[in-house]
2 protein chains.
Amino acid sequence: MIPPLLEEIRERLDEFTATERKAAHALLANYPMQGLGTVAQFAKAAGVSSPTILRFVARLGFPGFADFQARLRAELENQLNSPLARSSVMETDASVDGDPLMDKLVENVRETFAHLPRGELQSLIRILADEKRTVYLLGGRFTDALARYMAAHLRIVRPNVVHVAGQQGNWLDQLIGMGPKDVLVVFDIRRYQAEIVRFAEAAARQGVTVGLITDSWMSPIGRIAAHVLPARVAVPSPWDSSTALMAIAELLIAGVTQENAERSQTRMKALEDLRNAYDPKRTGDDLL
Amino acid sequence: MIPPLLEEIRERLDEFTATERKAAHALLANYPMQGLGTVAQFAKAAGVSSPTILRFVARLGFPGFADFQARLRAELENQLNSPLARSSVMETDASVDGDPLMDKLVENVRETFAHLPRGELQSLIRILADEKRTVYLLGGRFTDALARYMAAHLRIVRPNVVHVAGQQGNWLDQLIGMGPKDVLVVFDIRRYQAEIVRFAEAAARQGVTVGLITDSWMSPIGRIAAHVLPARVAVPSPWDSSTALMAIAELLIAGVTQENAERSQTRMKALEDLRNAYDPKRTGDDLL
DNA sequence: GCAATCCTGTAACAAAAAATACAAACGTTA
DNA sequence: TAACGTTTGTATTTTTTGTTACAGGATTGC
């Protein structure tokens with residue numbers, strides 16, 4: 001964080017000469033914009049001459065006016081990038097847009113939330129936050145990406161997260177270890193793939209708690225699932241949309257994070273440290 | 001109230017020429033500071049020449065660069081002087097549900113669409129629909145799931161779709177084959193991973209057309225990307241949301257499908273047949 | 001009240017930055 | 001593939017801007 005020049009000027013106000021103080025006042029009155037124009041503009045606003053502005057800047061310790069401006073810009077940038085200020089700079093509300101697909105996508109998310117059974121959501125979150133359980137995530141041909149996404153996030157806030165992926169043959173290896181203490185989250189929408197259903201059923205038979213995110217018509221897994229979260233997936237396109245599923249996934253992720261906030265925080269910090277220690281030069285790590 | 005130049009630039013993004021867009025991206029990436037320095041600094045940051053910057057501001061309707069800067073300063077001044085004056089988000093329709101996260105997710109998708117540069121979207125779709133190009137998809141730690149999702153869909157409607165995934169070492173193997181005829185779609189949001197940026201840069205150097213789906217602050221890749229689609233990702237949670245990114249991905253998928261409807265239909269039919277012939281008892285196939 | 005010193009503005013200068021002219025490169029279309 | 005129009009960067013010019021030199025004027029100490 002860059003220490004604000006503003007404070008320094010206030011404190012050192014009496015070091016300046018009378019006219020320099022006029023300059024200082026003009027700057028403080030419209031900080032920091034006044035300093036971002038030209039010397040002449042600054043001088044005029046302060047009611048002094050250009051050289052006075054230069055002397056003022058020099059006394060502050062800057063080699064030249066350009067350096068002074070650079071400092072002001074850096075400060076502003078720093079300030080604007082803080083999360084609080086950001087929203088107000090950027091945000092404007094805009095109107096609706098004609099595209100039917102866009103409209104439907106927005107509506108789907110809204111409708112999904114409107115009809116989302118809060119109880120189901122909350123209890124699934126609570127189960128997912130329980131770190132004594134191992135969480136398994138499974139998706140179909142397209143929804144596998146969602147399972148992956150959710151796994152990537154959950155792994156950060158809690159231990160024992162497994163994304164059931166890759167060769168189907170290997171799925172069975174996962175199945176062996178699953179028991180009544182564990183939980184399986186399945187993403188399954190229309191064209192309910194047989195192998196997904198079979199896997200979920202097998203897991204249920206072993207006492208695993210099954211959470212299901214599905215479309216409104218509901219997958220056959222719904223019959224065995226302990227918690228079902230239905231989403232709107234219909235769009236004017238040959239495919240179903242996964243945007244609402246993603247939205248639900250994010251609700252779950254956020255819920256689990258919040259459900260056990262300290263643990264999440266601790267783990268996030270620890271991971272950050274690990275990553276830095278592992279290779280300070282690199283910002284992230286590999287995808288898996 | 002001065003209407004933010006930011007939004008205007010976003011919306012008129014497709015009026016600009018390719019290099020002017022680079023300038024626009026550089027400005028949006030560091031708005032509005034980038035515009036408050038000199039033309040030369042701006043040009044260097046955007047990776048273009050000074051005259052391009054001047055043409056850019058001219059096209060925005062400013063008589064000269066100084067006027068442009070004055071406008072930026074005025075905007076900032078206006079904004080800094082009204083700390084909480086703009087809680088404008090409230091004006092939108094009443095939330096069906098009290099949950100702030102749900103509200104924000106819906107709003108993000110709506111806002112993303114509202115400000116999505118249609119020209120950028122259309123031209124990226126057209127490029128992605130061109131089957132003579134090979135499509136490469138790349139994502140970061142979390143957004144890799146989106147790249148995967150999009151790849152899974154695109155593979156159905158067109159040939160030559162590659163999801164750049166797995167060990168980073170293998171990425172280079174992909175890089176070898178990439179050339180000016182090809183296109184790379186990158187998902188990259190805050191915490192822009194160095195290796196993603198590097199890969200995109202390397203691809204660009206080989207003449208690959210780069211399409212970027214990113215957050216509003218825009219990734220460093222924006223500088224080299226031919227087409228940028230910004231999404232709202234901020235949510236009241238420790239993470240950024242990918243729901244809007246998913247929505248954009250689905251727009252692209254639907255667009256490509258529609259852009260060449262017959263081919264899509266033919267391929268979908270052919271795949272269906274193949275799948276049935278391969279194993280009539282099974283409904284789907286493996287994930288990869 | 002005088003002189004020495006410190007401020008301050010005017011004006012000239014030098015540096016830079018903005019703006020322009022032009023030519024090369026690019027993509028596009030016939 | 002050739003020729004057109006567009007776009008883009010290089011080089012140059014022109015303007016603006018920051019900077020400095022200097023002299024008049026205010027201020028303070030003796």
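Numbered from 1 within each chain, the chains take letters A, B, ... in sequence-line order. A quick note: this is a predicted structure, and the numbers were derived from the prediction, not measured.
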Close N/O contacts between protein and nucleotides 21-27 of chain C (under 3.5 Å):
none

Listing time: all N or O pairs from protein to nucleotides 3-5 of chain D that are below 3.5 Å?
none

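A salt bridge links B:Asp240 with B:Arg190: the closest approach of a Lys/Arg side-chain nitrogen to an acidic carboxylate oxygen falls below 4.0 angstrom. Between B:Glu107 and B:Arg110 no salt bridge is recorded (no basic side-chain N to carboxylate O distance below 4.0 Å). A salt bridge links B:Glu20 with B:Arg59: at least one charged nitrogen is closer than 4.0 Å to a carboxylate oxygen.
Judged purely by distance below 3.5 Å, without hydrogens or angles, the side chains of B:Glu77 and A:Tyr31 never pair a donor atom with an acceptor atom.
With sequence neighbours left out, B:Phe187 forms a ring-ring contact (aromatic ring centres under 6.0 Å, His included) with no residue at all. The salt bridge (charged side-chain N to carboxylate O under 4.0 Å, His left out) search around B:Arg263 returns B:Glu131, not counting sequence neighbours.
Among the nucleotides C:dT20, C:dT10, D:dG9, the one closest to the side chain of B:Leu54 is C:dT20. For A:Phe65, whose side chain is taken as the heavy atoms from C-beta onward, the closest listed nucleotide among C:dT10, D:dT19, C:dA19 is D:dT19. Of the candidates D:dT17, C:dA17, D:dT19, the closest approach to any side-chain atom of B:Thr38 belongs to C:dA17.
Atom CD of B:Glu8 has more than 12 neighbouring heavy atoms from other residues, nucleotides or ligands inside a 6.0 Å radius. In this structure, B:Gln258 places its CD atom where only 12 or fewer heavy-atom neighbours from other residues, nucleotides or ligands lie under 6.0 Å away.
Rounded to an integer number of Å, the gap from A:Phe56 CZ to C:dT8 P is 13 Å. For the pair A:Gln41 CD and D:dG18 P, the interatomic distance rounds to 8 Å; values are reported in whole Å. Taking atom CD1 of B:Ile53 as the reference point, atom C1' of C:dA17 lies 14 Å away to the nearest angstrom. C:dA17 atom P lies 19 Å from atom CG of B:Asp67, rounded to whole Å.
Between B:Ala66 and B:Ser50, the one whose closest nucleotide on DNA chain D sits nearer the 5' end is B:Ser50.
The stretch residues 194-215 of chain B participates, sequence neighbours left out, in these ring-ring contact (aromatic ring centres under 6.0 Å, His included) pairs: B:Trp171-B:Phe199.
Atoms CG and CG, from B:Leu252 and B:Leu229 in turn, are 6.0 Å apart once rounded to the nearest 0.5 Å.
The phosphate of C:dG9 has OP1 or OP2 within less than 4.0 Å of a side-chain N or O from A:Thr52.
A 4.5 Å side-chain heavy-atom check between B:Leu105 and B:Ser241 finds at least one atom pair inside the cut-off.
Residues of residues 8-22 of chain A having a heavy atom closer than 4.0 Å to DNA chain C, listed by number: A:Thr17, A:Ala18, A:Thr19.
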